[in-house]
Student: 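Below is the structure I would like to discuss, written out as structure tokens.
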Amino acid sequence: MKRMLSLRDQRLKEKDRLKPKKKEKKDPSALKEREVPQHPSCLFFQYNTQLGPPYHILVDTNFINFSIKAKLDLVQSMMDCLYAKCIPCITDCVMAEIEKLGQKYRVALRIAKDPRFERLPCTHKGTYADDCLVQRVTQHKCYIVATVDRDLKRRIRKIPGVPIMYISNHRKRSNL
């Protein structure tokens with residue numbers, strides 16, 4: 001293999017050689033610019049002012065399945081948890097995920113098609129429900145996310161002002 005000469009090599013002619021970089025001196029009196037992400041106007045520090053009854057709750061697939069296992073009525077136990085009217089919302093991705101699960105989860109599908117549930121259309125490609133829920137919650141902070149999925153809970157905790165509802169010990173809990 002042939003060896004290559006560096007562009008700074010002394011054996012090259014002066015015109016072919018790479019010029020050494022000169023450091024620009026920074027003016028200490030000049031203003032420094034920084035890129036700071038704009039915080040949503042709905043947040044008063046960490047308190048989300050858009051949340052209030054009736055609560056809109058984004059429901060994940062596993063939340064429906066766990067509520068069936070715990071023998072909890074979904075809408076009634078949400079109201080018991082929050083002491084207010086709740087509107088459970090299901091995105092197209094979550095509905096597609098439940099339909100993919102097949103005949104074994106037909107009870108979950110019947111619950112998801114309940115007329116009390118609000119159906120939210122998705123505009124993105126793919127049917128991965130976790131990304132869909134995280135994207136929707138970052139855009140609109142008026143939702144509570146109902147999930148049992150550990151990874152999804154971790155991702156949502158990083159978004160300020162979004163509460164999580166989950167099931168533990170056969171009871172619904174919320175960290176409002």
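Values in this document were obtained by computation on a predicted structure and should not be read as measured data.
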Student: Can you list everything that forms a salt bridge (charged side-chain N to carboxylate O under 4.0 Å, His left out) with R155? Sequence neighbours excluded, please.
Tutor: D131
Student: Are the side chains of V145 and D60 in contact, using a 4.5 Å heavy-atom criterion?
Tutor: no
Student: Under a 4.5 Å side-chain heavy-atom rule over Ile, Leu, Val, Met, Phe, Trp and Tyr, are I98 and V107 clustered together?
Tutor: yes
Student: Hey, are the side chains of P88 and R116 touching, using non-hydrogen atoms and a 4.5 Å cut-off?
Tutor: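 Answer no - side chains too far apart.
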Student: Is it true that a side-chain atom of N62 and a backbone atom of V148 form a donor plus acceptor pair closer than 3.5 Å?
Tutor: yes
Student: So does G161 get a backbone contact from the side chain of N48, meaning a donor-acceptor N/O pair under 3.5 Å?
Tutor: yes
Student: Report yes or no: does T49 contribute a side-chain atom to a donor-acceptor pair with the main-chain N or O of L43 at less than 3.5 Å?
Tutor: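 Side chain of T49 to backbone of L43: no pair is present.
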Student: Considering residues, nucleotides and ligands other than F117, do more than 12 of their heavy atoms fall under 6.0 Å from its CZ?
Tutor: yes
Student: Mind checking whether M95 and L109 have side chains closer than 4.5 Å, heavy atoms only?
Tutor: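 Yes; the side chains approach each other to less than 4.5 Å.
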Student: Enumerate the salt bridge (Lys or Arg N to Asp or Glu O under 4.0 Å) contacts for residues 101-113, please, sequence neighbours excluded, ordered by first and then second residue.
Tutor: none
Student: If you draw the axis of the six-membered ring of Y166, does the NZ or CZ of K153 fall within 45° of it and under 6.0 Å from the ring centre?
Tutor: yes
Student: Tell me, do C89 and Y143 make a side-chain contact under 4.5 Å, heavy atoms counted?
Tutor: yes
Student: Hey, quick one: are L120 and V137 part of the same hydrophobic cluster, counting side-chain heavy atoms closer than 4.5 Å, chains of contacts allowed?
Tutor: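 Per the 4.5 Å side-chain linkage, L120 and V137 are co-clustered.
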